[in-house]
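Note sheet for the following structure.
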Amino acid sequence: LNASQVSDQGLAIIGSLPGLTHITAFCPNLTDDSLAAFSRLQNLRSINISSPRVSGRGVAALAAAGGSLQTLDIRGMNL
């Protein structure tokens with residue numbers, strides 16, 4: 001997914017795709033709320049995103065969810 005107009009609400013639907021295993025998204029509008037939606041995906045193995053609006057709070061939500069995540073690559077993240 002490479003889009004500048006995707007919102008957190010638009011990405012929330014991803015949380016209802018239980019078979020999804022990989023996410024690659026280069027969207028400047030991704031935020032911590034997007035990562036919270038991703039955290040509901042227990043079969044998710046890798047996330048590769050680029051967004052300056054993601055912070056440690058979103059990463060903490062992923063970590064707290066457990067699941068099968070093996071690879072997390074976030075470019076442009078504010079620490």
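Listed here is the closest heavy atom pair of P52 and P28: CD-O, 4.0 Å. Shortest non-hydrogen contact noted between A61 and S39 is O-CB, 3.9 Å. Residues A37 and A12 approach most closely at CB-CA, 4.0 Å, considering heavy atoms.
Here CG of L62 is found 9.5 Å from CG of L41. Values are rounded to the nearest 0.5 Å. The line from OG of S16 to CZ of R40 is 8.0 Å long, rounded to the nearest 0.5 Å. Atom CE in M77 sits 6.5 Å away from atom OG in S55 (nearest 0.5 Å). Of the inter-residue distances, the one linking D73 atom CG with I23 atom CD1 reads 13.0 Å to the nearest 0.5 angstrom. How far CG of N48 is from OG1 of T71: 9.5 Å, rounded to the nearest 0.5 Å.
Taking the side chain as every heavy atom from C-beta outward, V54 and T31 never approach each other to under 4.5 Å. No side-chain heavy atom of H22 sits under 4.5 Å from any side-chain heavy atom of I47.
Across R57, R53, Q9, a single residue satisfies side-chain contact (heavy atoms from CB on, under 4.5 Å) together with D33, and that is R57. Residue L35 forms a side-chain contact (heavy atoms from CB on, under 4.5 Å) with just one option from I49, D8, L30, and that option is I49.
A donor-acceptor contact shorter than 3.5 Å links the side chain of N43 to the backbone of P18.
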Derivation of the side chain to side chain contact (heavy atoms under 4.5 Å, CB included) call for T21 and L44
CA-CA 4 Å; T21 58; L44 191 61; 5.6 Å; no
